[in-house]
4 protein chains.
Amino acid sequence: MMSAHRQGPVRSEAARVAILQATARLFAARGYDHLTMEGIAGEAGVGKQTIYRWWPSKGAVVADCLLDGLLFPEQFALPNTGELREDLATWLRNIFGVLEHPSGEMLMRSLIAAAAENADVGLRLYDSLGTGSTLNARLHEAVSRAELEGDTPVEQVGDALVGAVVMRALSRLPTPAGLPEQLVDAVLGRSATLRP
Amino acid sequence: MMSAHRQGPVRSEAARVAILQATARLFAARGYDHLTMEGIAGEAGVGKQTIYRWWPSKGAVVADCLLDGLLFPEQFALPNTGELREDLATWLRNIFGVLEHPSGEMLMRSLIAAAAENADVGLRLYDSLGTGSTLNARLHEAVSRAELEGDTPVEQVGDALVGAVVMRALSRLPTPAGLPEQLVDAVLGRSATLRP
Amino acid sequence: MMSAHRQGPVRSEAARVAILQATARLFAARGYDHLTMEGIAGEAGVGKQTIYRWWPSKGAVVADCLLDGLLFPEQFALPNTGELREDLATWLRNIFGVLEHPSGEMLMRSLIAAAAENADVGLRLYDSLGTGSTLNARLHEAVSRAELEGDTPVEQVGDALVGAVVMRALSRLPTPAGLPEQLVDAVLGRSATLRP
Amino acid sequence: MMSAHRQGPVRSEAARVAILQATARLFAARGYDHLTMEGIAGEAGVGKQTIYRWWPSKGAVVADCLLDGLLFPEQFALPNTGELREDLATWLRNIFGVLEHPSGEMLMRSLIAAAAENADVGLRLYDSLGTGSTLNARLHEAVSRAELEGDTPVEQVGDALVGAVVMRALSRLPTPAGLPEQLVDAVLGRSATLRP
DNA sequence: TGCTAACCGAGACGGTACGTCACGTCTTAGA
DNA sequence: TCTAAGACGTGACGTACCGTCTCGGTTAGCA
């Protein structure tokens, strides 16, 4: 005989989904620090205790939203044309494009604030952008295609690139023309791409 | 014309200093989000109104602390031996050393949180690490000494370097051996340093 | 030199009065156990914290209402015509008259519930009806006028009379005809009144 | 005609008893207003729904406890030696003895609070002490034995006596020496007992 | 002997109110 | 006129229970 399952009602999937969606909605609309548990509960049509039963804190709910991909806009997806430098530049242009809108800037800063406050969010965000990300996969692919030298520290290049975006977002400075390309140059070397 | 001097006592310098020092103390001890205006007032022996009279928000007080250099530990200073790669690696080793202590990690994340929440802090922090920083000056110096190629996008290299540190701090991951050197390689190129 | 008074703003009399009046209003309208601190605060147009700053509990607020005479209806006043038995009977008729209305019954039971839950209310209520009451004064007066024998245990007679009313209120039974007079007989003796 | 018997298991006597005993235990230990349905369910090892299936409210459960005699301590029993005044005085001494202990005082106030809040408890308590009580029977017996005059309003005397105890309990005042005897004097007349 | 309705324990659910904390504003007395 | 102290209305916190509901498991009586 196998395991002895708990008796009683089971966790409501409807409530879980309503909470995460409400969180994503409010996060995008008001930002992380105007996000409140009571607000989420109200927006989701759920009792506060139902949130606290399954998540220990606001940050943990946001982390789960992140995991479900409810917080990233689609512009954050990395294109893959085969031309690494061009793909990276396009990607950065998209991101800086998002940052030009106040709501996009706020979303980005909210993600950073959430990551700074909550370890779950921090790690999840790092994984989304780092190790487990398409960016890292793309860079490794470039190494195997010999677009990059074999001993390139891929993770560090990724961190540097994303980190630079984070720094610009924190500065609130407008994006100067040419910044995406300069950033690509900064982390890949100005002319370092190897071509066969 | 008669001079129109203000009547009554002027702003108390003692109070201003007490507030900034109390803020720095509590910021380091408890982190940005457990920092409260009432806590600062109590710690500084000052009325709440005295803070609100001169600063519009918690973030603004923290930004002024930053300006006065009350928040950065001394390990954040960039050495200058003339050897750029070595100086950068040493600097990163110091910073990651700070991040290994829980209180150091919290301080770093608090700076990020404050920057994400408050525009003043964000810009001030960016300037401290970017344009107005010793890092940028050092990189420009390296260009003029031909340690770096002339068309290196210096600001972007700085952002990438600092940004990578920020990303690591947000991830809360332990620092693997060799990370400082790999980061230097990532932003300066693995073997790109020009030597005369 | 005399005392060193505290500096700073002084307690708001307007808030105090608004709270007590709101409490009395809600107490009469909804009863003691549907009385909530949030309800009082809302009705009084006051922050919850302003209540908690000055009173430790719901019971304490009610006790202060009692002290200010905001909870007793006017029918609870004891008449004084000089004829003790008749005055007591009239008084009891008034009280049982109040108890016949649902709202009156609820008010009485609410007073009892509040007294049972909170020591302040209990003592205050006992004083209002006992030692410090017009009932006791009236009984002592009757002794001095020789309407009652000199060694009558006046306080105990008062407690018994009020207590009997309390018991009837707790029973929720309708008041049978003649009850007031029977109660007077029960505590003063059926024919014991001394007449000159 | 076909009988319309219910199918399926009948009410669990074990659960009923466990609930009542748990209620009595918690009532005595914590008092009526810290008594919770969840607490009873937990203490009784029973699901909440099993309580709500058979009783509509906390008060109803307490009323059933009262009916089963689970709440009155044995000291509340009225002795019967044939000497009415002495029996009543002994009984009152026992009750005031119980009231001297904090737990006894709380139990008494909890009974009053429960009676004030819940009609079932109120009537049940009144019956336990009034019409259906040994006190009333004892007083009627005294009348038939000519210890009391024939037209004594027995029920009212009983209410007055019990009510006086209730008033003292609500006041939380310590019991002064001689109080039991004075109360007997107050309701039976100082010297009114008829002796053959 | 198997069906099935009603019981049972457990506990998740949408709510209300709790008592606390901090906000940013306002009001006092003293220097 | 500025300062300290701190009361004020506001709003969110995280917790305790409410009364209802939904599970899987158990137990009778009827077929």
Side-chain angles (χ1 to χ4, degrees), chain A residues 4-12 14-16 18 34-42 44-54 56-58, chain B residues 6-12 14-15 33-42 44-54 56-58, chain C residues 4-12 14-16 34-42 44-54 56-58, chain D residues 2-3 5-12 14-15 18 34-42 44-54 56-58:
Chain A
H5 284 302
R6 207 181 42 71
Q7 78 185 156
V10 93
R11 176 171 183 179
S12 159
R16 195 189 70 86
H34 294 102
L35 185 65
T36 68
M37 291 301 238
E38 299 204 335
I40 296 170
V46 140
K48 243 197 304 185
Q49 196 58 46
T50 299
I51 307 181
Y52 283 108
R53 191 161 14 241
W54 303 110
S57 67
K58 182 172 82 162
Chain B
R6 250 181 348 94
Q7 147 182 76
V10 293
R11 174 172 185 177
S12 156
D33 45 348
H34 293 102
L35 186 67
T36 69
M37 291 302 237
E38 300 200 336
I40 295 171
V46 139
K48 260 197 296 182
Q49 196 59 251
T50 302
I51 306 181
Y52 282 108
R53 198 169 355 252
W54 303 111
S57 68
K58 181 172 82 163
Chain C
H5 283 303
R6 211 180 37 73
Q7 80 184 154
V10 93
R11 175 171 184 179
S12 158
R16 195 189 69 87
H34 294 102
L35 185 66
T36 68
M37 292 301 237
E38 299 202 335
I40 296 170
V46 139
K48 243 195 310 183
Q49 195 60 47
T50 300
I51 307 181
Y52 282 107
R53 192 164 10 245
W54 302 109
S57 67
K58 181 173 80 161
Chain D
M2 301 185 62
S3 80
H5 280 306
R6 238 180 2 87
Q7 164 180 58
V10 294
R11 175 172 185 179
S12 158
H34 293 102
L35 186 67
T36 68
M37 291 301 238
E38 301 201 335
I40 296 170
V46 139
K48 259 199 293 184
Q49 194 58 252
T50 301
I51 306 181
Y52 281 108
R53 196 172 356 251
W54 304 109
S57 67
K58 181 173 82 163

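Computed from a predicted model, the values in this text were never measured in an experiment. The sequence lines fix the lettering, A, B, ..., with proteins before strands; numbering per chain opens at 1.
Among residues two or more places apart in sequence or in another chain, the side-chain hydrogen bond (donor to acceptor under 3.5 Å, both in side chains) test is passed with K58(A) by none. A44(D) pairs by the side chain to side chain contact (heavy atoms under 4.5 Å, CB included) definition with A18(D), I19(D), A22(D), V46(D), not counting sequence neighbours. Every residue meeting the side-chain hydrogen bond (donor to acceptor under 3.5 Å, both in side chains) condition with E38(C), not counting sequence neighbours, appears here in chain and number order: K48(C).
Distances were taken from every side-chain heavy atom of P9(A) (C-beta onward) to each of dA6(E), dG11(E), dC8(E); the shortest belongs to dG11(E).
Taking atom CZ on R16(A) and atom P on dC13(E), their separation rounds to 12 Å, with Å as the unit. A straight line from CD1 of I51(A) to C1' of dC13(E) spans 13 Å, rounded to a whole angstrom. For I40(D) and dC18(F), the CD1 to C1' distance is 13 Å, given to the nearest whole Å. Rounded to whole Å, atom P of dT10(F) lies 13 Å from atom CZ of R53(C).
Both tests do not hold together for R16(C) against W54(C): distance to the six-membered ring centre under 6.0 Å, angle to the ring axis within 45°.
Residues A15(D) and S12(D) come closest through the heavy atom pair N-OG, 3.0 Å. Nearest heavy-atom pair, G47(D) versus A41(D), reported as atom, atom and distance to 0.1 Å: C-CB, 4.2 Å.
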Would you list the protein and nucleotides 16-18 of chain E atom pairs, both N or O, that sit under 3.5 Å from each other?
residue, atom, partner, partner atom, Å
dC18(E), OP1, M37(C), N, 2.7
dC18(E), OP2, M37(C), N, 3.1
dC18(E), OP2, E38(C), N, 2.8

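Between S12(A) and the phosphate of dA12(E), there is no side-chain N or O to OP1/OP2 separation shorter than 4.0 Å. Contact check, T50(D) against dC7(E): no side-chain N or O comes under 4.0 Å of OP1 or OP2.
Closest-nucleotide positions on DNA chain F for A15(C) and V10(A) were compared, and the one nearer the 5' end corresponds to A15(C). Both P56(D) and W54(C) lie near DNA chain F, and the one whose nearest nucleotide falls closer to the 5' end is W54(C).
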